[in-house]
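Model, not experiment: these values are computed from the prediction.
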Amino acid sequence: MSEKPTKHTKVLIIGSGPAGYTAAVYAARAMLKPMLVAGMQPGGQLTITTDVENYPGFADVIQGPWLMEQMREQAKAVGTDLVEDHIQSVNLKSKPFEAIGDGGQKYTADSIIISTGAQARWLNIDSEEKFKGFGVSACATCDGFFFKDKTVAVVGGGNAAVEEAMFLTKFASKVQLIHRRNELRAEKLLQKKLMENKKIEIIWDSVVEEVIGDEEPKNVKGLKIKNIKTNEMSELKIDGLFIAIGHDPATSLFKDQLEMDNTGYLITKSDSTETNVPGVYAAGDVKDKIFRQAVTAAGMGCMAALEAEKFLASN
């Protein structure tokens with residue numbers, strides 16, 4: 001079998017959510033002829049999000065997958081080379097940079113924009129999978145609005161879970177925080193605010209065993225939970241379930257090559273998307289564990305493309 005010829009590009013974009021597609025639009029318009037490798041889940045987390053109400057520019061509710069399709073078409077229309085492949089290894093020490101795809105295709109690039117995103121950690125039970133997007137969510141800021149005057153549950157015990165629970169009290173009439181231990185990991189000040197909030201009830205030492213709901217139309221009705229100390233099962237009546245047990249950035253590819261924090265998020269310079277390797281940029285949820293919104297990811301994609309353009313011009 002003959003080797004596939006190496007593909008070279010000035011700008012290689014790895015990953016295809018709002019950050020990757022926006023970077024592609026800006027890089028293509030700067031005449032850099034970018035190449036975007038879409039990865040395993042083209043469109044990223046928005047492809048498992050149904051109603052999107054907070055992306056600027058759309059007065060009506062839009063669908064996450066549709067928004068990603070539009071961004072993809074736009075990137076293509078302005079001249080991005082869209083490649084259906086998954087990068088499995090990179091070498092950021094070589095000049096130009098090198099990347100190898102799943103099938104052995106080799107890519108070389110003068111600059112790289114990393115927008116591989118992050119995945120929410122899930123409970124990994126069948127019933128959760130079934131109701132994802134129909135009452136089961138991993139993003140309160142995205143979906144909290146749909147639970148006005150309803151009862152919701154949040155699973156988790158860290159800062160994210162406490163913040164999600166607090167945020168949801170703006171909409172929900174009652175929020176039940178389910179935690180597998182008998183104390184929270186969240187910082188003390190957040191815990192104090194949580195305990196003072198009359199709308200929040202904490203259910204200790206418990207795990208979700210099953211999500212209960214209707215088939216047609218699909219919606220969540222309740223939960224079966226188990227107390228891990230007594231093994232006692234009980235049912236909760238709820239309208240929505242938020243999983244807040246953390247996110248994992250897709251950065252294993254860059255281990256020992258780029259600076260990361262202790263949870264694996266890429267570190268960039270202040271007010272910049274530049275990593276510790278000049279010419280390599282990181283945009284979106286792969287470096288942002290605070291905001292995690294489509295609009296902030298898109299903004300960073302724009303920044304990365306402009307920084308890459310400047311880098312290429314001066315080199």
Side-chain angles (χ1 to χ4, degrees), residues 2-44 68-117 249-255 257-258 266 268-269 272-287 297-315:
S2 64
E3 279 211 355
K4 298 170 186 167
T6 297
K7 290 184 177 179
H8 180 75
T9 179
K10 287 178 188 161
V11 185
L12 177 66
I13 300 165
I14 306 175
S16 59
Y21 287 140
T22 307
V25 168
Y26 275 82
R29 288 176 53 101
M31 298 302 177
L32 296 173
K33 298 193 173 69
M35 187 181 288
L36 182 148
V37 179
M40 301 243 252
Q41 190 187 12
M68 288 302 90
E69 188 55 37
Q70 292 296 308
M71 285 195 189
R72 183 181 179 275
E73 290 305 316
Q74 186 179 11
K76 191 175 166 183
V78 290
T80 305
D81 183 2
L82 295 168
V83 183
E84 296 299 323
D85 198 355
H86 180 253
I87 301 295
Q88 57 157 329
S89 71
V90 295
N91 180 356
L92 303 178
K93 293 196 170 59
S94 71
K95 285 280 179 278
F97 304 119
E98 288 174 4
I100 310 287
D102 268 348
Q105 173 67 55
K106 186 175 173 184
Y107 305 90
T108 58
D110 300 323
S111 68
I112 291 182
I113 294 173
I114 300 163
S115 50
T116 46
T251 53
S252 52
L253 203 54
F254 312 104
K255 214 172 169 355
Q257 298 195 68
L258 291 175
L266 296 179
T268 57
K269 292 180 177 160
S272 165
T273 63
E274 191 181 13
T275 65
N276 60 306
V277 175
V280 178
Y281 305 89
D285 286 17
V286 75
K287 66 135 285 179
M300 279 182 255
C302 162
M303 287 164 67
L306 296 175
E307 289 188 287
E309 182 190 5
K310 202 170 165 186
F311 169 82
L312 295 167
S314 62
N315 286 278

Does the side chain to side chain contact (heavy atoms under 4.5 Å, CB included) test come out yes or no for Ile100 and Lys106, once each step is laid out? CA-CA 5 Å; Ile100 310 287; Lys106 186 175 173 184; 3.7 Å; yes
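- In plain terms, the two heavy atoms of Tyr281 and Glu307 that are nearest each other are OH-O, 3.4 Å.
- Using modelled atom types, no side-chain atom of Ser115 and backbone atom of Ala282 make a donor-acceptor pair closer than 3.5 Å.
- Formation of a donor-acceptor pair under 3.5 Å by the Thr275 side chain with backbone atoms of Val280 is found in this model.
- How far CD of Gln257 is from CG of Leu266: 11.0 Å, rounded to the nearest 0.5 Å.
- Between Glu84 atom CD and Ser16 atom OG the span is 8.0 Å, to the nearest 0.5 Å.
- Checking side-chain atoms of Glu98 against main-chain N and O of Ala109 turns up no donor-acceptor pair under 3.5 Å.
- Leu36 contributes atom CG, which lies 11.5 Å from atom CG of Asp85 (distance to the nearest 0.5 angstrom).
- Shown here for Val286 and Ala250, the closest heavy-atom pair between the two residues is CG2-O, 4.0 Å.
- Environment of CD in Gln74: sparse, with no more than 12 heavy atoms of neighbouring residues, nucleotides or ligands closer than 6.0 Å.
- Tyr107 and Gly101 get closest at one heavy-atom pair: CE1-N, 4.0 Å.
- Looking at every heavy atom in both residues, Asn276 comes nearest to Leu258 through OD1-CA, 3.5 Å.
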After noting the C-alpha distance and the side-chain angles of Val11 and Leu312, does the key distance pass the side chain to side chain contact (heavy atoms under 4.5 Å, CB included) rule? CA-CA 9 Å; Val11 185; Leu312 295 167; 3.8 Å; yes
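- Closest non-hydrogen pair, Ala28 versus Val78, comes out as CB-O, 3.4 Å.
- The two atoms that bring Ala19 and Ala283 nearest to each other are CB-O, 3.6 Å, heavy atoms only.
- Atom NZ of Lys33 sits in a sparse spot, with 12 or fewer heavy atoms from other residues, nucleotides or ligands closer than 6.0 Å.
- One distance of note links CG of Asn91 with CZ of Phe97; it measures 9.5 Å at 0.5 Å rounding.
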Please assess Asp110 against His8 for the test side chain to side chain contact (heavy atoms under 4.5 Å, CB included), listing each intermediate value before the final yes or no. CA-CA 8 Å; Asp110 300 323; His8 180 75; 3.3 Å; yes
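- Taking CD1 of Ile114 as the start and CG of Leu92 as the end, the distance is 6.5 Å to the nearest 0.5 Å.
- Looking at Ser111, its side chain does come within 3.5 Å of a backbone N or O of Lys10 through a donor-acceptor pair.
- Here CE of Met300 is found 7.0 Å from CG of Asp285. Values are rounded to the nearest 0.5 Å.
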